[in-house]
Amino acid sequence: GASKRQSCCCNLHNDNMDIERNPQHGQIVREIVEVSTIVERTAARPSFSPLFKYEAGKGLMPTGNRPMRPGFRANDLNIPESIFKAGF
């Protein structure tokens, strides 16, 4: 069977997850992005900053981008701040 993809918005943190139902692996989170509060004028939609992306064989990997929302603390998510440094 073919994979089915859907987006899930987590309004509490202004993040968006791209979820895929894969016939072999079950449910996979493909990407987690932060939705900007600024709307891109040319696209007439908010911009997205990718925080985590799925890589085959590795799972969900950090992109090195740090969330921009005020007051964000990595330890609130029980993850180290080093995840948001390039070259992790």
Side-chain angles (χ1 to χ4, degrees):
S3 294
K4 295 180 181 178
R5 295 178 84 161
Q6 68 183 37
S7 288
C8 168
C9 187
C10 303
N11 293 327
L12 180 62
H13 298 297
N14 209 28
D15 296 333
N16 190 14
M17 291 187 297
D18 183 16
I19 299 173
E20 175 181 316
R21 289 198 184 276
N22 183 289
Q24 181 180 2
H25 302 292
Q27 187 168 303
I28 300 171
V29 174
R30 302 289 303 175
E31 184 175 44
I32 299 173
V33 299
E34 181 177 50
V35 180
S36 174
T37 57
I38 300 169
V39 174
E40 293 179 356
R41 188 174 274 179
T42 56
R45 66 173 180 82
S47 62
F48 301 103
S49 175
L51 303 176
F52 297 90
K53 285 191 177 223
Y54 178 82
E55 292 182 20
K58 293 183 178 181
L60 203 58
M61 300 296 294
T63 62
N65 296 331
R66 187 180 191 290
M68 297 177 285
R69 68 177 168 268
F72 172 79
R73 294 182 348 193
N75 63 346
D76 288 344
L77 301 175
N78 293 322
I79 55 177
E81 183 67 35
S82 61
I83 268 185
F84 300 112
K85 308 254 189 298
F88 178 80

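Owing to the predicted nature of the structure, the values given are computational and were not obtained by experimental measurement. These values consider heavy atoms only, across backbone and side chains, with no hydrogens, waters or symmetry-generated copies.
Linking ILVMFWY residues whenever their side-chain heavy atoms come closer than 4.5 Å, directly or via other members, places F72 and L51 in the same cluster. Under a hydrophobic-cluster definition in which Ile, Leu, Val, Met, Phe, Trp and Tyr are linked whenever side-chain heavy atoms come within less than 4.5 Å, directly or via other members, I79 and M68 are assigned to different clusters. Both L77 and I83 belong to a single network of hydrophobic side chains, linked directly or stepwise wherever heavy atoms of I, L, V, M, F, W or Y lie under 4.5 Å apart.
Taking all atoms of both residues into account, the shortest heavy-atom contact from L60 to I32 is CD2-CD1, 3.8 Å. Considering all non-hydrogen atoms of both residues, N65 and P50 come closest at ND2-O, 2.7 Å.
Remark: D76 pairs with R73 by the side chain to side chain donor-acceptor pair (under 3.5 Å) rule, at least two apart or across chains. E81 is linked by a side-chain contact (heavy atoms from CB on, under 4.5 Å) to R66, A74, F84, K85, counting only residues two or more places apart in sequence or in another chain.
Note: Y54 OH to M61 CE = 11.5 Å, rounded to the nearest 0.5 Å. How far CD of E34 is from CZ of R69: 5.5 Å, rounded to the nearest 0.5 Å.
Residues V35 and F48 form a side-chain contact, since some pair of their non-hydrogen atoms from C-beta on lies under 4.5 Å apart.
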